[in-house]
J.: 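Please read through the structure below; I'll follow up with questions.
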Number of protein chains: 2
Amino acid sequence: MFSEGLILLRAPLDVSQAEGSHLSGSTLRPEELPEIRHLHLFRDMTQASFEALMASSYAQNFPQGLDIIRQGDPADFLHIVVEGSVELFAQWSGRECTMAVVQPVSTFILAASIRDAPYLMSARTLERTRIILVPAADLRAMFRRDTEFAVSVITELAACYRSVVRSAKSLKLRNSRERVASYLLRQSMLAGGATSYTLPVEKRLIASYLGMTPENLSRTLRMLEADGVKMDGARVIITDREKLTTLAQPDKLIDGPDAIADANGSDLPGASG
Amino acid sequence: MFSEGLILLRAPLDVSQAEGSHLSGSTLRPEELPEIRHLHLFRDMTQASFEALMASSYAQNFPQGLDIIRQGDPADFLHIVVEGSVELFAQWSGRECTMAVVQPVSTFILAASIRDAPYLMSARTLERTRIILVPAADLRAMFRRDTEFAVSVITELAACYRSVVRSAKSLKLRNSRERVASYLLRQSMLAGGATSYTLPVEKRLIASYLGMTPENLSRTLRMLEADGVKMDGARVIITDREKLTTLAQPDKLIDGPDAIADANGSDLPGASG
DNA sequence: CCAGGACTTTGATCTCGATCAAATTTTTTC
DNA sequence: GAAAAAATTTGATCGAGATCAAAGTCCTGG
């Protein structure tokens, strides 16, 4: 269950770990600035503030399967995924579990970088991934100077907090069948209420995120064929939404719609750090 | 397991539910202002801001066992417990679980009141409890005017977020024996590293917080006698700290010291809302 | 296009923790 | 201070989900 052979990386600054022949701690591409600017976190700050923040930031490209953050390390940067995807996971006593998967364009480990505290979660790339690194010190200086940015940070952190609480509620109040069923419905909603869609990440990650083993997820998905879902590989086909809904009992206070709106770019929500 | 006969209370404003012959939506006592002022959240704001916020706030006294917040209701107030204690719990499909117990002096449901969103958790008094209600609208107006307060809110929310993440990590990575053992050690640290201390809340609440049944907690505590803890009612006696530590494998990134410093007044940490 | 590795599925078995039931202790109430 | 209610403990049993093992499938890199 635990991937071994971890390539250790003290801090993202350690450019030697990044890929490519060109030195990868590089400047941002002009086309990615607007995407970042559109994030809730950066949307309301002044243009000057935004530009200042971006000026002190830089991009890095990482190959697949690279550990980019090790839990316990000092949080020196806010991370923004602009390409690829990142798994946030927690480790303890030789065990590990997936806490979230972050997809473009969204930020992660905001909380740690704001508190100038050690990361609580580790992170690894799931594919070739490009990340913007915003120095935590600049971030902290900025929300003291730009009130609208401070408000955005407050709003974002509150949303992240609520997202983890939702996730904790689901873990504590639902059994695994119910968690799977409601996860499938939630993803359907994210896909615009689609009756058929493809799982956004590997099943092993979904299993770990939902607090179960891959074997158990596999069996549960099979069992759910009696309750209105059919799987075809990574494809989900909802054959009887009403039946599935009866089983999952989706709850606004656990499954959204807030949770969906909040989880901007995060498949397994709650990526504040 | 589920307390029935809930007295429903739409909002804390509904004074009719509060106790006492004197109308309980009353002004604050002078002696409680300094205690509130000392909270991290209010420590750094200007005196003027603090006074303005307190001027629009009011106190209410609740009897034991009263539901003061129902999850899903609009979050109109930040709550501050100044006397007694409050259980935060979550409900779904007829089940419920304890998310935190808040004790004086500390705030709860900060996140919900800031987002102007529905409460994700319910709250009930565990004893006779006095609560200060700070209107959420005033709160939101205030951090736009007082930068230091905004910074405090940011810092507080980040701490709350991290606190829930810690709790989620513990739930997902540890089995129940490990959760109990590390809980006991954490409480010992909160008691200044004491070898003997009294559990701060009832065992059924600890059980629910730790994601297990009271029966299982009882049995686990009994089993732990072989691992360096002895129980005498609600009294914990650590007979072999080393042995217990070996079992619990306490981790800075789950059990503190941050987690302890953060959980100011909250026995089962993570009381942002 | 083939080989190797990772992911997924299926089957068999086991175990941790839940559930049910009842006794006992503690706390509250009248 | 006795009766009642709540909390805790203990015992017996059950079952959801984990673990172990192996086969099958998908993906990837040479």
Side-chain angles (χ1 to χ4, degrees), chain A residues 1-6 19 63-65 87 94-98 101 124-128 171-181 198-225 229-236 247, chain B residues 1-5 63-66 87 94-98 101 124-128 170-181 198-225 229-236 247:
Chain A
M1 174 177 181
F2 310 136
S3 76
E4 282 308 319
L6 305 181
E19 134 181 292
Q64 184 186 74
E87 177 192 7
R95 301 169 208 166
E96 71 172 58
C97 71
T98 303
V101 171
R124 71 166 70 96
T125 55
L126 292 173
E127 55 195 303
R128 196 178 179 292
L171 277 171
K172 291 185 81 170
L173 291 167
R174 288 169 169 161
N175 64 29
S176 62
R177 196 166 51 118
E178 291 160 344
R179 291 201 297 279
V180 173
T198 304
L199 291 175
V201 296
E202 287 177 346
K203 286 181 186 168
R204 71 189 171 90
L205 296 171
I206 296 171
S208 181
Y209 173 70
L210 295 177
M212 58 203 291
T213 59
E215 294 96 321
N216 193 23
L217 174 60
S218 179
R219 268 185 269 269
T220 302
L221 287 172
R222 177 54 49 97
M223 284 177 52
L224 285 177
E225 289 186 5
V229 222
K230 179 100 179 38
M231 297 299 301
D232 175 24
R235 182 138 213 95
V236 182
L247 173 68
Chain B
M1 174 176 183
F2 310 136
S3 77
E4 282 309 318
Q64 184 187 74
L66 188 72
E87 177 193 7
R95 301 169 208 166
E96 71 172 58
C97 72
T98 303
V101 172
R124 72 167 70 95
T125 56
L126 293 172
E127 55 196 303
R128 195 177 179 292
S170 190
L171 278 171
K172 290 185 82 171
L173 291 167
R174 288 169 168 160
N175 64 30
S176 61
R177 195 167 52 121
E178 292 159 344
R179 291 200 299 277
V180 173
T198 305
L199 291 175
V201 296
E202 286 177 347
K203 286 181 185 169
R204 69 186 173 91
L205 296 172
I206 295 172
S208 181
Y209 173 68
L210 295 177
M212 57 203 293
T213 59
E215 295 95 320
N216 193 22
L217 174 61
S218 180
R219 268 185 269 269
T220 302
L221 286 172
R222 177 54 48 98
M223 285 176 52
L224 285 177
E225 287 186 7
V229 224
K230 178 99 179 38
M231 296 299 302
D232 175 24
R235 182 139 212 93
V236 181
L247 173 67

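For the numbers below, each heavy atom of this structure counts, side chains included, while hydrogens, waters and symmetry mates do not. To find a chain, count down the sequence lines: A is the first, B the second, and so on, and within it residues start at 1. Source: prediction; values computed, not measured.
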J.: For the side chain of Asn216(B), counting heavy atoms from C-beta on, which of dT8(C), dT10(D), dG17(C) is nearest?
T.: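 Nearest to the side chain of Asn216(B) among the choices is dG17(C).
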J.: What is the distance, to the nearest angstrom, from the CZ atom on Arg128(A) to the C1' atom on dG29(D)?
T.: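 Arg128(A) atom CZ is separated from dG29(D) atom C1' by 17 Å.
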J.: Figure out the CG/P separation between Leu199(B) and dT9(D), and round it to whole Å.
T.: 10 Å
J.: State the NZ-CZ distance between Lys230(B) and Arg222(B), to the nearest 0.5 angstrom.
T.: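 Reported to 0.5 Å precision, the distance equals 7.5 Å.
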J.: Answer yes when Arg124(B) and Glu96(B) have at least one side-chain N-carboxylate O distance shorter than 4.0 Å, and no when they do not.
T.: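 Result for this pair is yes, salt bridge flagged.
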J.: How many whole angstroms separate atom CD of Glu127(B) from atom C1' of dT28(C)?
T.: 14 Å
J.: Phosphate oxygens OP1/OP2 of dA18(C): is one of them under 4.0 Å from a side-chain N or O of Thr213(B)?
T.: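 Indeed, a polar side-chain atom of Thr213(B) lies that close.
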J.: Which is true for Arg219(A) with a 4.0 Å heavy-atom rule: it touches a base, it touches only sugar-phosphate, or it touches nothing?
T.: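 Base, at least one base heavy atom under 4.0 Å.
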J.: Tell whether Arg177(A) reaches the base of dG17(D) with its side chain through a donor-acceptor pair below 3.5 angstrom.
T.: no
J.: Please round to the nearest 0.5 Å and tell me the distance separating atom CG of Leu217(B) and atom OG of Ser176(B).
T.: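 Going from CG on Leu217(B) over to OG on Ser176(B), the span is 9.0 Å.
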J.: Out of dC7(C), dA18(D), dG17(C), which has the shortest distance to the side chain of Met212(A)?
T.: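 Looking only at heavy atoms from C-beta outward on Met212(A), the closest nucleotide is dA18(D).
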J.: Report the distance from atom CD of Glu178(A) to atom P of dA16(D), rounded to the nearest whole Å.
T.: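 These atoms are roughly 11 Å apart.
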J.: Rounded to the Å, how far apart are Leu205(B) CG and dA6(D) P?
T.: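 In whole Å, dA6(D) P lies 15 Å from Leu205(B) CG.
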J.: For the side chain of Glu215(B) and the base of dC20(C), is some donor closer than 3.5 Å to an acceptor across the two?
T.: yes
J.: Once you round it to whole Å, what is the distance between P of dT9(C) and CG of Leu221(A)?
T.: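 Nearest whole value for this atom pair: 7 Å.
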J.: Pick one: which of Glu87(B), Glu202(B), Arg204(B) meets side-chain hydrogen bond (donor to acceptor under 3.5 Å, both in side chains) with Thr98(B)?
T.: Glu87(B)
J.: Check the phosphate of dG17(C) against Ser176(B), side-chain N and O only, distance under 4.0 Å to OP1 or OP2. Yes or no?
T.: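 Yes.
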J.: dA18(D), dT8(C), dT9(D): which one has an atom nearest the side-chain heavy atoms of Lys203(A)?
T.: dT8(C)
J.: If I compare all heavy atoms of Ala181(A) with all of Leu247(A), which pair ends up nearest, and what's the gap?
T.: CB-CD2, 3.9 Å
J.: Rounding to a whole Å, what distance do you find between Asp232(A):CG and dT25(D):P?
T.: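 Atom CG in Asp232(A) sits about 13 Å away from atom P in dT25(D).
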J.: Can you tell me how far C1' of dT25(D) sits from CZ of Arg235(A), to the nearest Å?
T.: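 Those two atoms, CZ and C1', are 19 Å apart.
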